[in-house]
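Everything below concerns the one structure shown next.
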2 protein chains.
Amino acid sequence: MQAENTARASQSKKRTRIQIENEERILDAALDVFSSYGFRGATVDQIAEAAGMSKPNLLYYFRRKQDIYIAVLSRTLENWLTPLGDLDPDGEPEAEIGRYVGQKLAMSRDKPMESRLFAIEVIQGAPMMMDLLRTDLRAIVEDKAGALAAWIAAGKLAKVEPAHLIFMIWAMTQHYADFDTQIQSVIGSGISGSPDTFADAEQAVTQILFRGILPR
Amino acid sequence: MQAENTARASQSKKRTRIQIENEERILDAALDVFSSYGFRGATVDQIAEAAGMSKPNLLYYFRRKQDIYIAVLSRTLENWLTPLGDLDPDGEPEAEIGRYVGQKLAMSRDKPMESRLFAIEVIQGAPMMMDLLRTDLRAIVEDKAGALAAWIAAGKLAKVEPAHLIFMIWAMTQHYADFDTQIQSVIGSGISGSPDTFADAEQAVTQILFRGILPR
DNA sequence: TAATTTTCTGACTGAACGGTCAACATCAGG
DNA sequence: CCTGATGTTGACCGTTCAGTCAGAAAATTA
């Protein structure tokens, strides 16, 4: 993403205890605010208040609003790509994809703000993340698409354009985080709030996906 | 949504030619801007420039930024719910759902901004649309979920929680509009730009969905 | 504990924003 | 072609925002 520590920057030698604590508090608060309002809609004052500190103090750690945003995206990106990276081409598709889908659904339940942060950024054209999408994300998708293609060639999966299969998994799982408000409005509860709803979601996703792609 | 014409309001008698023209230009421009930046991120000046008129003139037609936003949401909502409303409980599931999915995918290709407008609004907690979601959207989903439940009971569809099946269709189809930037970054083209990509998307969605839910 | 560095804050600045207003321009109907 | 209604604009206002700064308070080091 970038030099990561655009913070007190300069050429600071060691990160002090207070620095580490406060930067974390700021990033937690920033995730909350940015995932609710997007970059332009969020204000530094909001983030400062959520982090429980004054605005000048926040700006002492991150000189500019953009630096906070980039730092949050950076920190979140790792968790984001890890599960897909774990997909093992030498494993069996049902087990591997099942584990992946399970992890993604759990992330939608437990870390919905991260999902929404990326969603807003991407929907708005990924002005800050474009480079990463074209490099890191593209690379890992191409890599794992190869694994899917091999499974298809081996007759272990139905014929689907591999990249699109990955997109569909993202779509189905992340929908429960990103559109939680809508889901709650319609059925009364989201997957974060109700174990029953989570179970229904998991059942629907795996049912459709596995019947859809596993050999009959 | 509301009285629709919060515009020149007062108790205007008839809408003049210029009024009709300009309100349409404004709403087109507003859709473009709001779908890219969200409500808080968009500025009235941006919309005015996109509509090719001065800010005071724009505010002559819509007194407040919120009024423009609500008007755009209103206008878009109709197109949004129509395809689902057309789903015929007395038809055959494959034909009905197939037509619905086709319409939704075509909308993602031809009207991606509408999709993104709703996506941003919902992701941010639907502050302006909550009422509509809880009434109109909920009602139509419950209605159509009944149709799906009947098909399932008749053995014409696999057992899936009907509301979740609808969510999955939304997720899979709208993903191609909302996350177009991401898809382009990964495979080089989106469904609006390339007929091949659209065909791949359609194939993936229908393949997964129909194998996933139709009786074997 | 004295010196030094790090952390924190109130008060501020210039720019951007939403919205107003008085006056000017254009239009449609008689 | 005159007149009232509709449409349009530059200049402006109060507020909010990102970011600055001089210096006070707290922590660290010696």
Side-chain angles (χ1 to χ4, degrees), chain A residues 5-30 32-34 36-73 124 127-128, chain B residues 5-30 32-34 36-73 124 127-128:
Chain A
N5 188 16
T6 325
R8 202 63 282 273
S10 314
Q11 301 90 300
S12 62
K13 319 157 191 192
K14 281 175 190 170
R15 291 163 52 101
T16 68
R17 172 186 57 86
I18 295 177
Q19 214 168 108
I20 292 170
E21 283 174 13
N22 282 350
E23 283 175 9
E24 194 178 314
R25 273 168 60 206
I26 292 168
L27 292 181
D28 287 347
D32 197 342
V33 175
F34 281 131
S36 297
Y37 299 102
F39 178 71
R40 288 180 58 161
T43 74
V44 175
D45 294 86
Q46 263 182 303
I47 299 170
E49 196 189 327
M53 67 180 68
S54 68
K55 178 169 68 166
N57 198 25
L58 185 153
L59 289 168
Y60 166 76
Y61 292 100
F62 296 89
R63 292 175 123 84
R64 303 143 123 278
K65 186 184 175 186
Q66 234 193 59
D67 296 338
I68 316 172
Y69 189 63
I70 289 175
V72 172
L73 284 176
Q124 301 191 348
M128 307 300 230
Chain B
N5 190 16
T6 325
R8 202 64 282 271
S10 314
Q11 302 90 298
S12 61
K13 320 155 190 193
K14 284 176 187 171
R15 291 161 52 99
T16 68
R17 172 185 57 88
I18 295 178
Q19 213 170 108
I20 293 170
E21 284 174 11
N22 282 350
E23 283 176 6
E24 195 179 314
R25 275 167 60 206
I26 291 169
L27 292 181
D28 288 346
D32 197 343
V33 175
F34 282 131
S36 298
Y37 299 103
F39 178 72
R40 287 178 59 157
T43 74
V44 176
D45 294 88
Q46 262 182 305
I47 299 170
E49 197 190 325
M53 68 180 66
S54 68
K55 178 170 66 169
N57 198 26
L58 185 153
L59 289 168
Y60 168 76
Y61 292 99
F62 296 89
R63 291 175 126 84
R64 322 218 261 115
K65 185 185 176 186
Q66 236 192 59
D67 296 338
I68 316 173
Y69 189 64
I70 289 173
V72 173
L73 283 177
Q124 302 190 347
M128 307 300 230

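Keep in mind that the numbers below use all heavy atoms, side chains included, and drop hydrogens, waters and symmetry copies.
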Interatomic distance where CD belongs to B/E23 and C1' belongs to D/dT6 [whole Å]: 13 Å
Atom pair distance, as rounded to whole Å: OH in B/Y37 and P in C/dC17: 11 Å
Quiz item: A/K55 side-chain donor-acceptor pair to D/dG19 base, under 3.5 Å: yes
Interatomic distance, A/Y69 OH vs D/dA18 P [rounded to whole Å]: 14 Å
B/Y60 side chain, from C-beta outward: closest of D/dT6, C/dT7, D/dA18: D/dT6
Distance in angstrom units between A/R15 CZ and C/dT6 C1', rounded: 15 Å
Separation of D/dT9 C1' from B/L59 CG (nearest whole Å): 12 Å
Atom pair distance, as rounded to whole Å: CD in B/E49 and C1' in C/dA16: 15 Å
Trace of the side-chain contact (heavy atoms from CB on, under 4.5 Å) decision for A/I26 with A/M53: CA-CA 9 Å; A/I26 292 168; A/M53 67 180 68; 3.9 Å; yes
Ring geometry between A/F39 and A/Y69 (parallel below 30°, tilted from 30 to 60°, perpendicular above 60°): tilted
N or O in side chain of A/S54 less than 4.0 angstrom from C/dG10 OP1/OP2: no
Between D/dG7 (P) and B/L58 (CG): distance, integer Å: 14 Å
Those residues of residues 40-48 of chain A lying under 4.0 Å from DNA chain C by at least one heavy atom: none
A/Q19 side chain near C/dT6 phosphate (N/O to OP1/OP2, under 4.0 Å): no
D/dT8 phosphate, OP1 or OP2, under 4.0 Å from B/N22 side-chain N/O: yes
Gap separating the CD1 atom of A/I70 from the CE atom of A/M128, nearest 0.5 angstrom: 5.0 Å
Test side chain to side chain donor-acceptor pair (under 3.5 Å) applied to B/D28 - qualifying residues, sequence neighbours left out: B/R75
Helical bend (five base pairs per end, nearest 10°) for the helix from C/dT1-D/dA30 to C/dG30-D/dC1: 20°
B/I68 vs B/F34, side-chain contact (heavy atoms from CB on, under 4.5 Å): CA-CA, chis, key distance, verdict: CA-CA 10 Å; B/I68 316 173; B/F34 282 131; 4.1 Å; yes
Under-4.0 Å side-chain N/O to phosphate OP1/OP2 contact, B/T16 with D/dA5: no
Separation between CZ of A/R64 and CG of A/L59, rounded to the nearest 0.5 Å: 11.0 Å
Heavy atoms of other groups near B/Q46 CD, more than 12 under 6.0 Å: yes
B/S/- contact track for nucleotides 21-30 of chain D, protein heavy atom under 4.0 Å: B-----SS--
Qualifying residues under side chain to side chain donor-acceptor pair (under 3.5 Å), relative to B/R25, sequence neighbours excluded: B/N22
Gap separating the NZ atom of B/K65 from the CG atom of B/L58, nearest 0.5 angstrom: 12.0 Å
Those residues that, when tested against B/K55, pass salt bridge (charged side-chain N to carboxylate O under 4.0 Å, His left out) (two or more places apart): B/D45
Heavy-atom side-chain proximity of B/F62 to B/V44 below 4.5 angstrom: no
Below 4.0 Å: OP1/OP2 of D/dT9 and any side-chain N or O of B/N57: yes
Over all atoms of both residues, closest heavy-atom pair of B/R40 and A/T43: NH2-CG2, 3.9 Å
Distance in angstrom units between A/Y61 OH and C/dT9 C1', rounded: 13 Å
